[in-house]
Number of protein chains: 2
Amino acid sequence: MYTSLFLKTHRTPVIDGEEAAALESAVARTATFTAKQIMVRQQVPLTQCTLLLEGFVERYRDTPEGRRQILAIHIPGDFVDLHSYPLKRLEHSVAALTDVKVAMFPHTAVRALTAQSPTLTELLWRSTLIDAAINREWIVSVGARSAVVRLAHLFCEMYVRLERIGMAPDRTFALPLTQVDLADATGLTAVHANRMLRQLREQGLVAFRHGEVEILDWDGLRAFADFDPAYLFFD
Amino acid sequence: MYTSLFLKTHRTPVIDGEEAAALESAVARTATFTAKQIMVRQQVPLTQCTLLLEGFVERYRDTPEGRRQILAIHIPGDFVDLHSYPLKRLEHSVAALTDVKVAMFPHTAVRALTAQSPTLTELLWRSTLIDAAINREWIVSVGARSAVVRLAHLFCEMYVRLERIGMAPDRTFALPLTQVDLADATGLTAVHANRMLRQLREQGLVAFRHGEVEILDWDGLRAFADFDPAYLFFD
DNA sequence: CGGTTGGTTGATTCGCGTCAAAACTCGTGG
DNA sequence: CCACGAGTTTTGACGCGAATCAACCAACCG
């Protein structure tokens, strides 16, 4: 059941057994990528979508001045490029953060699903729009929050999302990023990110080391980060 | 023809006459709002979508610390909250920047369209995803571009979008924002935005005064702003 | 081992924010 | 028609948060 994790994390709209079976059968094949491999290059025409089954994936853009901006981090159960169905190509690249296993949905199969079920359509559409809501939350982060708070907010988001799929027991979870990656996600330099991580640790809120996050004080962290999970649409 | 401007600016996928008629007939009513009026409040359940016919609209979030982040600026022909159909509520607010005229699409009518035509579905879905691509470009702006470049980039984006609907003849167009609004959109303070605007004017690239933009050197501005319109998906 | 990648720290610089005040615009009412 | 006040733009002085530059260290690995 390639799609069971996706379906479990998207409870609106309600999907019946027949629709779930249709979605499952839209998988043409599975594939794997190794860590750091580029999965989708920007502006290249696409004919299929990718559902992440195992591992972590990033979406990012490189700027001519040599800066890199991470746009999204995906975890198992996320579609990493479902938006390529209506858009046909992407304006950013997608890369594997770890070794990764994915399921592929040909655009033709997605179209057949939309022709068949308005409810499935709404579900798939919704999942791309939740990504967009996360994009907007990141605009707020980089545009209106201080460096420490940005990092704290990112940890909150990743904790809540991972906890939901059972990948963050005991307020501890793997987040396979380097400090450079954290900096690229939050619009900071690696040096400053490093200092802010120390501050978060010393404040007793979160500790991040070697790609592992340990939440020390969840309520404190949430309050500090101004974190409200409404934008994740977990209902 | 409420939907003709929207259809004119979305050429992919190709829509036939019957589909265009179906879309047009999904309009339940029109409405007007006055400048500065809040059109949608965050977290309030919604039952209809709004297509902007005349005027300018902003989407924004307020932070507890009193900062405000503008997330998007909409122009005639844009759906301002089509994403409310799959999401049912929004995590940001929507306000009129000028007096505004809109067409309303009940969610039930949108659902009927998706049940009837996979092509229309793809078109509507696509339009929400172009908004998301713009969101991502804004992440790159606030996360990885300097203050002057951010402003230059915003002017490029608005010029290209407005030119396309005939609202930017002679490289001049109305952009009904104050300097405070520009600052809120780019993650700057109004004071610094003011200084950067002066710099852009003195560099001979763009001049902004009283809600009017005059592009002085389009090629220079594009190059300076690192502007590539691919993310607007004008095809 | 030496090379490579990631993390840590210090010194210094600078972009942008903050605070404050003045000039300007425009709508409104006396 | 002028006075007034609210909102906007402009400018200056100053301070801080984050970038930059530059070492140095730790872990890992062929």
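If you check every strand for non-hydrogen atoms under 4.0 Å, A:Gly187 touches sugar and phosphate atoms only. Base engagement by A:Thr189 is indicated by at least one non-hydrogen atom pair under 4.0 Å involving a base atom.
In the model, A:Asp99 has no side-chain atom that pairs as donor or acceptor with a side-chain atom of A:Thr34 under 3.5 Å. Of the N and O atoms on the side chains of A:Arg126 and A:His10, not one donor lies less than 3.5 Å from an acceptor on the other residue. With no hydrogens or angles considered, a side-chain donor-acceptor pair links B:Ser84 and B:His107 at under 3.5 Å.
Atom C1' of nucleotide C:dT8 and atom CG of A:Leu182 are separated by 15 Å, given to the nearest angstrom. For the pair A:Leu177 CG and C:dG6 P, the interatomic distance rounds to 12 Å; values are reported in whole Å. In this structure, A:Glu212 places its CD atom 16 Å from C1' of C:dG6, rounding to the nearest Å. The CD atom of B:Gln179 sits 14 Å away from the P atom of C:dG17 (whole-angstrom rounding). A:Asn194 places its CG atom 5 Å from the P atom of C:dT8, with the value rounded to the nearest Å. Rounded to whole Å, atom P of C:dG17 lies 11 Å from atom CG of B:Asp184. Protein atom CZ of B:Arg68 is 16 Å distant from nucleotide atom P of C:dG17, rounded to whole Å. At whole-Å resolution of the value, CZ in A:Arg209 and P in C:dG7 are 13 Å apart.
Of all non-hydrogen atoms in B:Val148 and B:Met196, the two that sit nearest each other are CG2-SD, 3.7 Å.
Rounded to the nearest Å, the gap between the C1' atom of D:dA22 and that of C:dG7 is 15 Å.
Counting only residues at least two apart or in different chains, salt bridge (charged side-chain N to carboxylate O under 4.0 Å, His left out) contacts with residues 215-232 of chain A comprise A:Arg145-A:Asp226.
Contacts of A:Ala152 classified as side chain to side chain contact (heavy atoms under 4.5 Å, CB included), with partners at least two apart in sequence or in another chain: A:Leu200, A:Leu221, A:Phe224, A:Ala225.
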Donor-acceptor pairs under 3.5 angstrom involving side-chain atoms of residues 156-167 of chain A: please list them, not counting sequence neighbours.
unit_1	atom_1	unit_2	atom_2	d
A:Glu157	OE1	A:Trp138	NE1	3.1
A:Glu157	OE1	A:Tyr231	OH	2.7
A:Glu157	OE2	A:Arg161	NH1	3.0
A:Tyr159	OH	A:Arg171	NE	3.1
A:Arg161	NH1	A:Ile73	O	3.2
A:Arg161	NH2	A:Ile73	O	2.8
A:Arg161	NH2	A:Asp78	OD2	2.9
A:Arg164	NH1	A:Thr9	O	3.0
A:Arg164	NH2	A:Thr9	O	2.6

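In summary, contact between chain B and DNA chain D, defined as any nucleotide atom under 4.0 Å from a heavy atom of the protein, begins and ends at D:dT8 to D:dA13 in the 5' to 3' direction.
The CD1 atom of B:Ile70 lies 8.0 Å from the CG atom of B:Leu182; values are rounded to the nearest 0.5 Å.
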Short N/O separations, protein against nucleotides 11-13 of chain C, under 3.5 angstrom:
unit_1	atom_1	unit_2	atom_2	d
C:dA11	N6	A:Arg195	NH2	3.1

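Classified by interplanar angle (parallel below 30°, tilted 30° to 60°, perpendicular above 60°), the ring pair B:Phe227/B:His153 is perpendicular. Between B:Phe155 and B:Phe208, the ring-plane angle classifies as parallel under the 30° and 60° cut-offs.
The pair A:Arg136-B:Asp131 fails the salt-bridge criterion, with no side-chain N (NZ, NE, NH1 or NH2) lying under 4.0 Å from an Asp/Glu carboxylate O.
Axis angle across the helix from C:dT8-D:dA23 to C:dG30-D:dC1, with five pairs used at each end and values rounded to 10°: 40°.
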